[in-house]
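Structure, as structure tokens:
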Amino acid sequence: MGDSHTWTAAPSAAEHARSVLAASWSCAVTAEGGREEFVGAHTVAEDGRVTLAVPEDSTLVAAAICAPRGEPSAVLEFADVAPVPLRSRIRARLWIAGRFAAGDGRLEFEATRVVLRRASGAVVVDLDEFAAAAPDPLATAEARLLTHLADCHPDAIERLTRLVDPDSLHGAVRVQPLAVDRHGLTLRIERARAHGDVRLPFHAPADDVARLTERMHALLAQASAASCPRALQRQRTDGDG
């Protein structure tokens, strides 16, 4: 499989949660008045506080005004969706429970509990760690980067499979990029009736797109030097399969 990597760090739960929040364009809000979906309506402060711009007739305004003082009154939900068409595209979900304070046509949200659910399970994120964490520096560029890799460089993706344990490729019909962050690239390996994910860590963190380009070139060079696995079994698929 070639040389092993020396950089094995991954985003913490707090960093992952802040990255989901930074990259999300929409959110769902559940409150006493029901559930509402908002697109392009929220902003995020440096400490992770969410502010929501809502119509005056939104039931959330009434719920915020009528909620018992000091009691959690709403839950915000954000979905982390893979930008590349895949099976099971939701990579993570973020729930933030707390209460709204109404003012000037905007609702400021004070979090009392943060829960991140990933493939490995759900974890409660410490509120102080959530406030102090920064989003991954590639979070807002990830969609563009991954779709470019998938659409324009399928040969590079196939070459990167040389870094994957051959057992993980058994029965594979398609490999696509699932995620990228400053610590590494994750590939989705799809089989006829199942799928799995493999992470390829970078040798050092990539704190911007220029460094990411260098890290990807290093991975590809390592893959070129590795022995080539058996060709992936291929099949024609329509849509996401």
Lys/Arg-Asp/Glu bridge criterion (N-O < 4.0 Å) met for Arg199, Asp181: yes

Evaluate the side-chain proximity of [Y] to [X]: yes if any heavy-atom separation is below 4.5 Å, no if none is.
X      : Y      : value
Val180 : Thr186 : no
Val50  : Leu107 : no
Leu178 : Val84  : no
Phe109 : His42  : no
Asp80  : Ser24  : no
Val175 : Glu158 : no

Side chain to side chain contact (heavy atoms under 4.5 Å, CB included) between Leu116 and His16, worked out: CA-CA 8 Å; Leu116 177 70; His16 191 171; 3.7 Å; yes

Members besides Val81 in its Ile/Leu/Val/Met/Phe/Trp/Tyr cluster (side-chain heavy atoms under 4.5 Å): Ile90

ILVMFWY network linking [X] to [Y], side-chain heavy atoms under 4.5 angstrom:
X     : Y     : value
Leu76 : Trp95 : no
Val75 : Phe38 : no
Val44 : Val20 : yes

Residues in side chain to side chain donor-acceptor pair (under 3.5 Å) contact with Arg211, at least two apart in sequence or another chain: Asp208

Residues which pass side chain to side chain donor-acceptor pair (under 3.5 Å) with Thr43, listed by chain and number, not counting sequence neighbours: Arg106

What are the two closest non-hydrogen atoms of [X] and [Y], and how far apart are they?
X      : Y      : answer
Arg113 : Leu127 : N-CD2, 4.0 Å
Val125 : Ala17  : CG2-CB, 4.5 Å
Leu149 : Ile157 : O-CD1, 3.8 Å
Arg215 : Ala204 : NE-O, 2.9 Å
Arg18  : Phe130 : NH1-O, 3.0 Å
Pro177 : Leu187 : CA-CD2, 4.0 Å

[X] side, atom [atom1]; [Y] side, atom [atom2] - distance, nearest 0.5 Å:
X      : Y      : atom1 : atom2 : answer
Thr161 : Leu169 : OG1   : CG    : 5.5 Å
Arg162 : Leu220 : CZ    : CG    : 10.0 Å
Arg182 : Asp136 : CZ    : CG    : 7.0 Å
Leu146 : Gln176 : CG    : CD    : 10.0 Å
Asp207 : Leu138 : CG    : CG    : 8.0 Å
Glu37  : Cys27  : CD    : SG    : 8.0 Å

Arg118 atom CZ, neighbour heavy-atom count above 12 within 6.0 Å: yes

Qualifying side chain to side chain donor-acceptor pair (under 3.5 Å) pairs, either residue in residues 138-157, two or more places apart: Arg91-Glu142, His148-His153

Summary of side chain to side chain donor-acceptor pair (under 3.5 Å) pairs that have at least one residue in residues 123-135, sequence neighbours excluded: none

From CA spacing to verdict: salt bridge (Lys or Arg N to Asp or Glu O under 4.0 Å), Arg93, Glu77: CA-CA 7 Å; Arg93 290 189 185 275; Glu77 180 181 342; 2.9 Å; yes

Pair Val54-Phe100, side chain to side chain contact (heavy atoms under 4.5 Å, CB included): steps then yes or no: CA-CA 12 Å; Val54 298; Phe100 280 116; over 6 Å; no

Stepwise side chain to side chain contact (heavy atoms under 4.5 Å, CB included) test for Val115 and Leu94: CA-CA 6 Å; Val115 177; Leu94 175 67; over 6 Å; no

Residue pair Ser224 / Arg159, side-chain donor-acceptor N/O under 3.5 Å: yes

Evaluation steps, side chain to side chain contact (heavy atoms under 4.5 Å, CB included), between Glu108 and Arg49: CA-CA 8 Å; Glu108 295 185 0; Arg49 284 180 298 175; 5.6 Å; no

Results of side-chain contact (heavy atoms from CB on, under 4.5 Å) for Ser12 - residues two or more places apart only: Ala14, Glu15

N/O donor-acceptor pair under 3.5 Å between Arg117 side chain and Val123 backbone: no

